[in-house]
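What you are looking at is a predicted structure, and each value in this text was computed from that prediction instead of being measured. Order of the sequence lines fixes the chain letters, A, B, ..., with proteins taken first and strands second; residue numbering starts at 1 for each chain.
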Protein chains: 2
Amino acid sequence: MSTNVMSPMHPVSDLSAHTGFLMRMVSNAVSQGFAGKLAGQDVTLAEWVMLRALYGGKPLPPSLLARKMGMTKGAISKLADRLLDKGLIARTDNPNDKRAHSLSLTHEGIAKVPALARLADESDAAFFIGLSDADHAALRGLLHKLINAHALTTAPVE
Amino acid sequence: MSTNVMSPMHPVSDLSAHTGFLMRMVSNAVSQGFAGKLAGQDVTLAEWVMLRALYGGKPLPPSLLARKMGMTKGAISKLADRLLDKGLIARTDNPNDKRAHSLSLTHEGIAKVPALARLADESDAAFFIGLSDADHAALRGLLHKLINAHALTTAPVE
DNA sequence: TCACATTGGTTGACATGGAAACTAGATAGG
DNA sequence: CCTATCTAGTTTCCATGTCAACCAATGTGA
């Protein structure tokens with residue numbers, strides 16, 4: 001124990017007083033619901049995000065994926081291994097740098113994305129169906145404000 | 001927008017088209033920021049939630065905590081072990097049922113909560129400071145709507 | 001009362017991510 | 001060139017959660 005910078009007594013507010021807490025509650029519920037649907041396709045949330053990140057674009061090096069997905073390079077390395085085992089992505093050596101390589105979708109991976117995208121659409125629609133169009137739009141607007149305010153650029157995977 | 005590759009089965013929308021995705025992004029950022037502050041007090045997010053759940057109330061059995069916190073009883077069991085080791089909570093045998101017991105805060109645990117609560121307040125305020133009061137209130141309202149719509153039970157039941 | 005189902009908790013096998021050590025291949029400076 | 005330093009990725013260790021098997025105490029019904 002270092003500096004016992006002890007705070008004077010502080011009122012202990014309820015957990016639900018924190019918007020961040022509410023946020024986490026709702027976010028976890030959405031993610032769990034979606035993860036459940038993905039599980040039926042033998043895909044995890046993180047795997048879906050990586051597959052989506054590789055879909056319709058050029059092959060990407062793990063380092064870039066790590067930044068895009070907000071994960072460490074170690075995590076990306078293992079995640080890529082799993083997708084490689086499942087035959088959904090492939091590695092391509094970089095001819096200019098023998099340390100590096102790029103990741104891309106296999107035919108099987110490409111074929112799988114649309115089905116997963118449909119699940120994502122359905123899952124999202126189902127969860128937010130309780131909101132009116134106006135509410136839904138408002139929510140998205142607020143989230144974007146926060147994303148901009150904090151310059152969030154990564155795709156969390158929890 | 002989504003370009004080049006044809007959609008065999010389903011149009012592949014962008015990740016950020018999903019409100020659930022935006023929620024994860026923001027929620028993740030809030031939680032990480034708060035977790036960082038908590039780490040300075042040698043407390044994890046899960047530990048904080050349990051400490052807060054036990055603060056100012058009667059001792060609670062692990063089963064109830066599991067429901068309140070949205071975790072499995074196995075996770076609660078281990079989490080309780082950690083807090084026990086840290087001396088922040090204590091177990092009390094249930095005289096009516098020898099299988100059961102209750103968890104409560106120790107003096108040390110009680111003493112620690114207000115400081116953590118202040119961190120929670122500060123962290124939350126800092127994150128949402130970019131929103132106007134009206135926006136903030138609107139966001140909370142929308143989150144509550146979703147929580148109600150899905151009967152997210154990470155709450156009470158006394 | 002006794003065999004059996006149920007329930008409160010714990011434990012062990014996995015899964016998965018972060019941090020940091022480590023490896024191999026690039027690069028810069030002298 | 002040669003060595004010191006970077007850099008891309010991998011691997012190891014650790015933390016933490018889920019799931020399922022398991023243990024012990026309770027409850028139940030004939």
(Q) For a quick check, tell me whether the side chain of B/R99 and the base of D/dT26 share a donor-acceptor pair closer than 3.5 Å. (A) no
Q: Check every strand shown and say whether B/D97 touches a base, only sugar-phosphate, or nothing at a heavy-atom separation below 4.0 Å.
A: sugar-phosphate
(Q) Let's test your reading of the model: under 3.5 Å, does the base of C/dG18 pair with the side chain of A/K78 as donor and acceptor? (A) yes
Q) Which residues pass the side-chain contact (heavy atoms from CB on, under 4.5 Å) test with B/R91, sequence neighbours left out? A) B/A80, B/D81, B/L84, B/H101, B/L103
Q. Which residues, if any, of residues 83-92 of chain A bring a heavy atom under 4.0 Å of DNA chain C?
A. none
Q.
What contact category does B/S63 fall into here, base, sugar-phosphate, or nothing, at under 4.0 angstrom with non-hydrogen atoms?
A. sugar-phosphate
Q: Mind running a 4.0 Å heavy-atom check of residues 32-42 of chain A against DNA chain C and sending the residues that fall below it, in number order?
A: none
Q: To the nearest Å, give me how far apart CG (A/N94) and P (D/dT7) are.
A: 17 Å
Q: Examine the base of C/dG9 for any acceptor or donor lying under 3.5 Å from a partner atom in the side chain of B/K98, and report the outcome as yes or no.
A: no
Q. Between atom CG in A/D81 and atom P in D/dA8, what is the gap in whole Å?
A. 19 Å
(Q) Within the 4.5 Å heavy-atom criterion, are A/D93 and A/K98 side-chain neighbours or not? (A) no
Q. What integer distance in Å separates B/L64:CG from C/dT7:P?
A. 16 Å
